[in-house]
Amino acid sequence: MTLTIWVDDWQIQCCGEAFTPGDVVSWHLLEIDPEDYADLVGSERAAEIDFCEEHHGREGGRPPTRLQVLTITEVHCRYEVPSDSTSNVQHPVPGTTELVPVQVANGWAEARPYVSFTGYLVTAERTADGGQEGPASRERGAKLGASIGHERSPAATR
């Protein structure tokens, strides 16, 4: 089953390791709320994200998951302070996302006009030693099972 994983730019910049399609990585994966990524990548694409990669203390004792990287896509978007804001905190501007397929992720990206690099969407598959299944992949699996005449029991979705 193919998983889609969000990788923050700063996670790799700080102390992550560069990776390319075909690499096997060992990542701590956290389930996400797709709404947290909707302004960055749009609601439809956000619903496809299974996990985010984390290695700065929120792993909660979970073992890492070994994955083979399939594709890497840089995510760029515009940030600005909302007009109704009382602070100077910039937020992603919905609808400004630019997706750039790349062959290496090292935490840095070539500058693009009017947008900022914010992270990666990575597709990957678990290696033979397993791992956890995210909510979007469970939904894809349920849809696939239904399309070929199989129903997944609720216990099989967790």
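Position 1 is the first residue of the sequence; numbering continues from there.
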### Task
Could you please spell out the steps behind the side-chain contact (heavy atoms from CB on, under 4.5 Å) verdict for T97 and L40?
CA-CA 6 Å; T97 302; L40 286 172; 5.5 Å; no
### Task
Step by step, work out the side-chain contact (heavy atoms from CB on, under 4.5 Å) result for E54 and Q11.
CA-CA 7 Å; E54 172 64 48; Q11 290 268 9; 3.1 Å; yes
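Both V100 and I5 are part of a single hydrophobic cluster, where members link through side-chain heavy atoms under 4.5 Å apart. Grouping the Ile, Leu, Val, Met, Phe, Trp and Tyr side chains by contacts below 4.5 angstrom, directly or via other members, places L99 with I32.
Side-chain atoms of Q68 do not come within 3.5 Å of backbone N or O of V24 as any donor-acceptor pair. Without hydrogens or angle criteria, Y120 side chain to N106 main chain gives a donor-acceptor distance under 3.5 Å.
T65 has its side chain out of reach of W27: every pair of non-hydrogen atoms, C-beta onward, lies at least 4.5 Å apart. Looking at V25 and V69, their side chains come closer than 4.5 Å, going by heavy atoms from C-beta outward.
Screening residues 9-28 for salt bridge (Lys or Arg N to Asp or Glu O under 4.0 Å) gives no qualifying pairs among residues at least two apart or on separate chains. Within the structure, salt bridge (Lys or Arg N to Asp or Glu O under 4.0 Å) contacts touching residues 83-95 (residues at least two apart or in different chains) do not occur.
Using the six-membered ring where Trp is involved, W6 and Y37 have ring planes that are tilted, between 30° and 60° apart. Between F117 and H76, the ring-plane angle classifies as tilted under the 30° and 60° cut-offs.
Looking at R112 and E110, no side-chain N of the basic residue comes within less than 4.0 Å of a carboxylate O on the acidic one, giving no salt bridge.
The side chain to side chain contact (heavy atoms under 4.5 Å, CB included) with L121 is formed by just one residue from the set T71, I72, V41; it is V41.
Side-chain contact of T123 with T2: a donor-acceptor pair under 3.5 Å is absent, judged by distance alone. Looking only at atom types and distance, the side chain of Y114 has no donor-acceptor partner in the side chain of T96 under 3.5 Å away.
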